[in-house]
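First up is the structure itself, then whatever we jot down about it.
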Amino acid sequence: MLPSKNNLLAAALAVVHCLSSVAAEPHAEDPVITPAPTPTQALAARQVAGGPGTPILSTLTFPYTALPSQVYPFAVLRGPQFGYNQCGAANATANADCQTLVFNNASDFCIWGSPDPNGAIGDVEAKVVSYCTNPQWGGRPIPAGAIHGIQFMRTSAYIQIVGFIDNTALGLSPTDTGGELDPHGADLQGNPLGGVVYSLDTNFSPDGGKTPGQVHNWNLFVGSGLFCLKACFNSITNPDYCENRYDLVGCDYNMPNALANGTYLDCQGDLQTPVGTYTSGGQTLTWSMPDPLTTDPPYTPVVPASSGCTTFSSAQLFANLGGGSGASGSNSGSTAASQTAKPGSSGGAATGSKSTSGGSPSATGSGGALASAHLPTTSLLVVLGGFLAGAMMLF
Ligand SMILES: *[C@@H]1O[C@H](CO)[C@@H](O)[C@H](O)[C@H]1NC(C)=O
Ligand SMILES: *[C@@H]1O[C@H](CO)[C@@H](O)[C@H](O)[C@H]1NC(C)=O
Ligand SMILES: *[C@@H]1O[C@H](CO)[C@@H](O)[C@H](O)[C@H]1NC(C)=O
C-alpha cells in the first residue's frame, strides 16, 4: 500500500504490531529484519525511503541479466532484504530464497510465498520468496497439482493471472487468509523488501521476448487458496490498473476475473474498470476504501469480457518442470462477457486482508481474524451468489 498523510501513522502502528507478532520459531538461518520504526520515529525522522542511501524500491531499474546479488542491501528502515535477486535453474530448490519474480504467461509464472513453513503473509510480507512453475527462474518449485484453476488475461494495459492454489504449496498455513504485496509498502521499500518482477511478455522484454524485462508496477494477492497477480505495462500510468490502495477488498475488486475451479484458460481480455471506480445512475463515481474496512464497497465489480480463450490442462501448466513447452490446447472461444464478480473463498486474496499493516490489535499474526471480520455475512452471501451465477454461465 502507499503511504499517505492520513494513514502513515496507522500503517506504522500496524506494521509495528504485525512485526511484533511474528511467529516464535524463525529459521535459524533467517537474517534479522530490522523492525519497522515506531510511529514516533517515523514521523520525527520521516523514515520513508527516498533519502540518500535509502532508495525507493519501485524506482530501482536493472536489466535482468545485470541484477545484483541483492537490489536492496541497505540496512535502513526494515532493510536489508532477506533473500537474493540472482536466481536461476541451478538454485531452483525447495529452500531457494529468490526474490525475483518472473511472470510470463498462463503457464510460466511465479507467485510470492512464505520462506518459512506454515507461514502467514502478514508475518512474512517483507521476506516472501518466489515459487514458480518453471525452474528457469530460480524460485521454489510449485508442486504439480497444487493449482486447481487459472484464468490468464492479456489486455492492452496489463497481463493478469488469477488461480486457485493450495496455501501449503506456497509455504503458507492452510488457514492463512494472506494479503497484498506490491513494490511500495508504507516505507517504500516494498513487500517483499527488495522484491523485483520481470516478464518475457513483449510488452516488457527489451528484445522481443528473449530476455525478461522489468515490471515496475505490479501487485499480487495471495491467501485462502487463491492468488491474483497483475503486471501493468510500464508505458501506461494513467489510469493506474495496478493501484495498491484497495488492499482490503481482494482479487474480486482489484482483479475481477472469470476463474473457475478445474478450468485453465489463456485469454485476451478487455480492460477492467480501475478498482474503486464504478457507475451508478449514469454517473462515474469513486469509492475510497476505509481502513479498517467498516463498510462494504458500494458496488459489485464487473468482470471484463474475455475472448479467444485457449484451454489447457493442469499437466500442461507444469510441463516446464519436465522441460516441456507449456500450454497449448483447444480454443474455447469467449467466456464470461459480463459476469458479476465471484469470490474464490472468504478471506485473504478473496477479501484481501491487508498484509502491510498485518491486522487489528486483536488479530493474531496474519490478519486471519481480521479477514473474517471484514465483509459482513450478507456480502459474503452476495458474492457467493455471484460465484455460483458465474460458474453456471461458464458451464
Ligand atoms: C543461482 O543460479 C544462477 C544460475 O542458474 C546463478 O547465476 C546465480 O548466481 C545463483 N544464485 C545464487 C544465490 O546462488
Ligand atoms: C475445486 O474442486 C476440488 C475438487 O472438486 C475441490 O477439492 C476444491 O476444494 C475446489 N476448490 C475450490 C477453491 O473451490
Ligand atoms: C510461456 O512462456 C514459455 C517461455 O518461458 C514458453 O515456453 C511457453 O510456450 C509459453 N506458453 C504460452 C501459453 O504462451
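Both backbone and side-chain heavy atoms feed into the values below; hydrogens, waters and symmetry mates do not. Order of listing sets the numbers, starting from 1, for every ligand and every atom in it.
- With ring centers used as reference points, Phe221 lies 6.0 Å or more from Phe227.
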Thr133 vs Asp108, side-chain contact (heavy atoms from CB on, under 4.5 Å): CA-CA, chis, key distance, verdict
CA-CA 6 Å; Thr133 60; Asp108 188 0; 4.3 Å; yes

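- For the pair Asn105 and ligand 3, the shortest N or O to N or O distance falls below 3.5 Å.
- Distances between N or O atoms of Asp108 and those of ligand 3 include at least one value under 3.5 Å.
- Here Ala89 has backbone heavy atoms under 4.0 Å from ligand 1, and that is the only part of it that gets that close.
- Met153 has its side chain out of reach of Gln272: every pair of non-hydrogen atoms, C-beta onward, lies at least 4.5 Å apart.
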Decide yes or no on ring-ring contact (aromatic ring centres under 6.0 Å, His included) for Phe204 and Phe233, but give the supporting numbers first.
CA-CA 7 Å; Phe204 300 100; Phe233 300 166; 5.5 Å; yes

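- A donor-acceptor contact under 3.5 angstrom links the side chains of Asp240 and Asn217, judged on distance only.
- Considering backbone and side-chain atoms together, Asn261 places an N or O closer than 3.5 Å to an N or O of ligand 2.
- At under 3.5 Å, a nitrogen or oxygen of Gln86, whether backbone or side chain, sits near a nitrogen or oxygen of ligand 1.
- Residues Trp287 and Tyr246 place their aromatic rings such that the two centres sit under 6.0 Å apart.
- Of all atoms in ligand 3, listed by their number and element, those nearer than 4.0 Å to a heavy atom of Asn104 are 5 (O).
- Every atom of ligand 3 is numbered from 1 in the order shown, and the set under 4.0 Å from a heavy atom of Leu200 is 5 (O).
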Begin with the C-alpha distance, continue with both residues' side-chain angles, and end with the deciding distance and a verdict on side-chain contact (heavy atoms from CB on, under 4.5 Å) for Arg78 and Asn191.
CA-CA 10 Å; Arg78 291 177 297 146; Asn191 285 304; 2.9 Å; yes

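- Short contacts between ligand 2 and Phe164, defined as distances under 4.0 Å to a heavy atom of the residue, involve ligand atoms 13 (C).
- Between the side chains of Ser114 and Asp116, not a single donor N or O lies within less than 3.5 Å of an accepting N or O.
- Set against the non-hydrogen atoms of Asp266, the atoms of ligand 3 under 4.0 Å away are 13 (C).
- Residue contact annotation: Ser107 has a non-hydrogen atom under 4.0 Å from ligand 3.
- The option with the heavy atom closest to atom 10 (C) of ligand 1, from among Leu67, Thr65, Asn91, is Asn91.
- Looking at Ser69, Gly88, Pro135, Gly83, it is Gly88 that brings a heavy atom closest to atom 5 (O) of ligand 1.
- Atom 7 (O) of ligand 1 lies below 4.0 Å from none of the non-hydrogen atoms of the protein.
- The aromatic rings of Tyr278 and Tyr299 lie parallel to each other, their planes meeting at an angle below 30°, with 60° marking the opposite boundary.
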